[in-house]
Amino acid sequence: MNKTDIQNADYFRSRYEEMKSQAASWQSAWKELAKYIAPTRGFFEGDNPSDGRKLDHRALIDSDPLLAVEVLSAGMMSGLTSPSRSWFELSLPDGELMKQSAVRAWTHEVRRRMEEVFARSNIYSVLHGFYQEISVFGTAAFLLEEDFDRVISCRLFTAGEYVLDCDEKGRINAFGREFWMTPAQMAEKFGQENLPLPVRRAAQENRGGWFKVRHLILPNPQADERKLDFAHMPYTSVYMTPQGDILRRGGYREFPVIAARWEVKNSSDIYGRGPGWKALGDVKMLQKMQKTKLVALDKNTNPPMQVSANVQGEVNLLPGGLTRYSGSGGDAAVKPAYQVPVDLNALEASMERVKQTIKGQFFADVFLMLGTQNFSRMTATEVAERHQEKMLVLGPVLERLKNELLDPLIERTFAIMYRRGVVPLPPPQIQGRELKVQYVSMIAQAQKQSGMAALQQAVAYAASLAQGNGEVLDKVNFDAALEEGLDMLGVPPNLLRSDEEAQQIRTRRAQQAVQLAAQQNTH
């Protein structure tokens, strides 16, 4: 190993330790969140690889908080990135170009192929776990790699398993993780010639055991777009041992880690806080109340007993059991030491209020609204409006997830597809232009449709004025109103004819009207 390699190894090792120390202050909160809300998630210092975690059933008596997390993650999955319907559209900032049929056909084909890539990969299963992570811990991350067979492949991480860092604008641009591998796995991934001597011997002798490996992805100060080798890519990737032995170097053209925060307190925060942070106190209280209720019920049905000294032999507390007593008097030989009055109704009501608070923190009421309310006497429009009002509360969260999850996911996937030749050749008039992504998921549409009522009222108002003076309609651009309304509804733009096609239809209709009028005049 030459001098330059030693310097680089020292830099990477110190960089990881610095990122790890920044995450240390968050570890205690993550451990509590994992203990009380997400018992199957989180991997922390001291945890053994490939070992099943023991669940603390003394801390997890009531499962309602876990169910609330499942409802939120499933709701986010169907509301933001549903695999069963289109949740994004591709377009160009130039609206005039988008009116051309060739351009619309190309963007539609690119979106279709991208959806096929998503369907073939494991992205949707990863996204479901991603929403669970971010709802509980406030931060979630996964690695999006190129895949020879499926174009892309993803690996989800859990809290405590990885560390992050941000640039001066608060954008996540650095990633590190520490994980375990067997000697055979290390030899297969990195090659025996690149392994440290103890690991190489263990691999050659087919010995088991676990060794720590670190993976860092950092901005590359030596990046050069004119050079295509790994050493000059925008992001450098290094696998190494904790002792500083470099196992593999690589690079990425885009930052491959998709990391998002639910919310951040300020721009200097590297990690985020989610609903789990706000609900943790209520979750602890619910578990304590549930334990108190069970203890009270147990004492009420099987109370501690007080036994007279005149009792002969053992006390038989079984139903129909017989206990001999040689004393006299009216006092019972065996009686409860004290009575525990249990007001179950009051206790259940208190617990129900806490459960509703927890469900509200995890937005379970939002996603269960359609299934729990009675809409038998409401019109479809009223149901849709109620649904939109509920979905709007997720607006701020959607904006952050758009910037930190959805946009990087689309951009990284498109770049990989383009390099793999999966993207069709664009029309000449749009080559070199930037694409724009529009999200048409259920939650995104709920935000857009908040302006639909105003649009409908404006058109209806113009129509009412036209009853007195028809020339008023000359001021209304109905084509623009139609396009704006369909955009709010999330209707694919390829369903609309181009301006040229619409003008041709109108011209033919006008000509047919003139011909019909001429025929009527001749008769």
Side-chain angles (χ1 to χ4, degrees), residues 26-42 44 52-76 129 131-140 158-160 262-263 265 272-306 317 335-374 390 393-394 397:
W26 298 76
Q27 291 274 340
S28 59
W30 292 339
K31 288 180 180 180
E32 274 204 296
L33 290 166
K35 178 179 179 180
Y36 287 96
I37 306 179
T40 60
R41 297 199 170 273
F44 304 103
R53 173 174 296 176
K54 296 179 180 179
L55 300 183
D56 186 358
H57 291 290
R58 292 173 298 178
L60 291 173
I61 302 174
D62 195 302
S63 62
D64 273 50
L66 281 66
L67 179 60
V69 173
E70 289 294 333
V71 172
L72 174 57
S73 58
M76 295 291 286
Y131 293 131
Q132 290 180 329
E133 286 279 326
I134 198 171
S135 62
V136 174
F137 302 104
T139 307
T158 189
W262 187 276
E263 66 179 15
K265 185 172 64 175
R273 297 168 174 84
W277 287 69
K278 300 176 183 178
L280 183 59
D282 293 304
V283 171
K284 288 183 176 180
M285 179 165 54
L286 176 63
Q287 303 297 349
K288 184 176 181 180
M289 293 173 73
Q290 190 69 266
K291 184 177 181 180
T292 301
K293 170 190 167 185
L294 294 176
V295 171
L297 285 172
D298 196 26
K299 287 186 175 180
N300 189 59
T301 56
N302 188 21
M305 305 303 292
Q306 179 177 303
L317 297 178
K335 62 182 179 180
Y338 59 89
Q339 297 293 331
V340 181
V342 181
D343 189 348
L344 285 179
N345 292 332
L347 187 55
E348 289 285 358
S350 298
M351 291 176 59
E352 186 60 30
R353 287 193 293 269
V354 177
K355 290 181 180 181
Q356 291 302 322
T357 301
I358 294 172
K359 290 178 181 179
Q361 295 284 10
F362 284 102
F363 301 93
D365 56 336
V366 173
F367 295 108
L368 293 177
M369 185 267 298
L370 287 180
T372 58
Q373 292 191 12
N374 183 11
K390 289 284 187 179
V393 300
L394 289 170
V397 177

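- At distances below 3.5 Å, at least one donor-acceptor pair connects side-chain atoms of Gln287 with backbone N or O atoms of Asp62.
- Here Gln132 contributes atom CD and Leu66 contributes atom CG; the two are 9.5 Å apart, rounded to the nearest 0.5 Å.
- In plain terms, the two heavy atoms of Gly129 and Arg41 that are nearest each other are CA-NH2, 3.6 Å.
- Residues forming a salt bridge (Lys or Arg N to Asp or Glu O under 4.0 Å) with Lys359 (at least two apart in sequence, or on another chain): none.
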Listing, residues 273-286 side-chain donor-acceptor contacts under 3.5 Å, not counting sequence neighbours, or none:
{"unit_1": "Arg273", "atom_1": "NH1", "unit_2": "Asp269", "atom_2": "OD2", "d": "3.1"}
{"unit_1": "Trp277", "atom_1": "NE1", "unit_2": "Phe137", "atom_2": "O", "d": "2.8"}
{"unit_1": "Lys284", "atom_1": "NZ", "unit_2": "Glu32", "atom_2": "OE2", "d": "2.3"}

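- Remark: Glu348 CD to Glu352 CD distance equals 8.0 Å, nearest 0.5 Å.
- Checking side-chain atoms of Glu133 against main-chain N and O of Ala159 turns up a donor-acceptor pair under 3.5 Å.
- Atom CE of Met289 sits about 7.5 Å away from atom CZ of Arg353, to the nearest 0.5 Å.
- Scanning all heavy atoms of the two residues, the minimum distance from Val69 to Phe362 falls at CG2-CE2, 3.7 Å.
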Subject >> Pair Leu297-Leu344, side-chain contact (heavy atoms from CB on, under 4.5 Å): steps then yes or no >> reply: CA-CA 9 Å; Leu297 285 172; Leu344 285 179; 3.7 Å; yes

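- In this structure, Glu70 CD and Leu72 CG are separated by 10.0 Å, a value rounded to the nearest 0.5 Å.
- The shortest non-hydrogen separation linking Ala68 to Ile358 is CB-CG2, 4.5 Å.
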